[in-house]
Amino acid sequence: DTEVTQTPKHLVMGMTNKKSLKCEQHMGHRAMYWYKQKAKKPPELMFVYSYEKLSINESVPSRFSPECPNSSLLNLHLHALQPEDSALYLCASSQAMGLGDTQYFGPGTRLTVL
Amino acid sequence: GENVEQHPSTLSVQEGDSAVIKCTYSDSASNYFPWYKQELGKRPQLIIDIRSNVGEKKDQRIAVTLNKTAKHFSLHITETQPEDSAVYFCGNQAGTALIFGKGTTLSVSS
């Protein structure tokens, strides 16, 4: 399996809802990433997990809460989001969190916050 | 901090022409330079990458060149086809984070 999968593909939520995004990979990669991408912009790094431990948090608001239950799974828990949080949320994985390790992206979850 | 500038922001070519996209970076410790292609509504996909110990790499119609002295690297697409139309992002990694350029929207008309 050489793919990163993400669910759901689309998500619409209100500002008071709690929802979760899920990401899975079975390539044996030990680094996993969450990115946020707005229309016509590059992906912006949010979080990096390395060996199931949070290694990088790019000053993301606490309404986004990442979780890495095991080496294949990555979740992003959402609570009390704002309309400006509407975006494509991309998960990626790489062999390790190191220089020159290719990152493979999932198809993304398109999130709309009403 | 790390920074990568990408030009042009849009590029229109006729089918069969060549396309060149250039990125410049600031961190001299950078040693990994990937290029991603993102079609509308799809995920970014790696199309080619280069590491700092190599000056040029080619894969069929796609090539990347790296000039470490001038701190720039370029994507070259030859014999462009309509299916090459997409947004292309360059990347630059010096530390643990991959920094992306702002993207180039390539349109290939037949």
Side-chain angles (χ1 to χ4, degrees), chain A residues 2-7 9-10 21 23-25 27 29-51 53-60 87-112, chain B residues 1-11 21 23 25 27-54 57 59 64 66 68 73 86-107:
Chain A
T2 57
E3 264 209 338
V4 178
T5 58
Q6 289 187 243
T7 55
K9 289 185 179 178
H10 301 274
L21 310 184
C23 173
E24 191 165 3
Q25 57 87 14
M27 296 181 276
H29 289 174
R30 303 316 298 265
M32 296 185 77
Y33 310 78
W34 280 115
Y35 288 88
K36 174 183 178 180
Q37 186 178 29
K38 292 282 224 180
K40 300 186 185 297
K41 299 288 186 184
E44 290 178 34
L45 184 64
M46 300 174 71
F47 302 104
V48 183
Y49 273 82
S50 177
Y51 289 87
K53 288 186 170 26
L54 183 63
S55 294
I56 296 177
N57 176 342
E58 292 285 354
S59 303
V60 179
L88 180 68
Y89 287 84
L90 293 161
C91 173
S93 71
S94 65
Q95 193 74 29
M97 189 186 71
L99 291 175
D101 280 329
T102 300
Q103 293 186 26
Y104 297 91
F105 284 86
T109 293
R110 188 159 300 281
L111 173 68
T112 303
Chain B
E2 297 171 36
N3 186 35
V4 56
E5 292 190 11
Q6 183 171 345
H7 297 281
S9 56
T10 59
L11 180 59
I21 303 169
C23 286
Y25 61 96
D27 192 333
S28 55
S30 301
N31 70 356
Y32 178 59
F33 308 89
W35 285 92
Y36 285 84
K37 174 185 180 182
Q38 187 173 27
E39 295 176 68
L40 192 62
K42 303 242 175 117
R43 75 186 81 191
Q45 289 204 296
L46 181 78
I47 55 171
I48 197 166
D49 57 11
I50 194 166
R51 290 171 173 76
S52 60
N53 57 346
V54 175
K57 184 176 177 181
D59 182 3
V64 56
L66 172 64
K68 285 212 77 179
F73 56 111
V87 179
Y88 291 80
F89 294 103
C90 65
N92 167 228
Q93 187 169 22
T96 51
L98 181 61
I99 306 298
F100 289 96
K102 291 190 174 181
T104 296
T105 301
L106 174 64
S107 300

(request) Under 4.5 Å heavy-atom distance to chain A, tell me which part of B/Q45 shows up: side chain, backbone, both or neither. (result) neither

(request) Taking atom NZ of B/K42 as the centre, report whether more than 12 heavy atoms of other residues, nucleotides or ligands fall under 6.0 Å from it. (result) no

(message) Nearest 0.5 Å, please: how far is CZ in B/R43 from CD in A/E3?
(response) 4.5 Å

(request) Heavy atoms only: give me the nearest B/P44-A/P43 pair and the separation to one decimal. (result) CG-CG, 4.4 Å

(message) Between B/P34 and chain A, with a heavy-atom cut-off of 4.5 Å, which part of the residue counts as in contact: side chain, backbone, both or neither?
(response) neither

(request) Please work out whether the ring planes of B/F100 and A/F105 are parallel, tilted or perpendicular, with thresholds of 30° and 60°. (result) tilted

(message) Looking at B/K102, I want to see if its NZ is surrounded by more than 12 non-hydrogen atoms of other residues, nucleotides or ligands under 6.0 Å.
(response) no

(request) Give the minimum heavy-atom separation between B/R51 and A/T102, together with the two atoms involved. (result) NH2-OG1, 4.3 Å

(request) Compare all side-chain heavy atoms of B/Y32 with those of A/D101 and state whether any distance is below 4.5 angstrom. (result) no

(request) Determine whether B/Q38 and A/Q37 make a side-chain contact, defined as any pair of heavy atoms from C-beta on separated by less than 4.5 Å. (result) yes

(message) Please classify the contact of B/Y36 with chain A as side chain, backbone, both or neither, using a heavy-atom distance under 4.5 Å.
(response) side chain

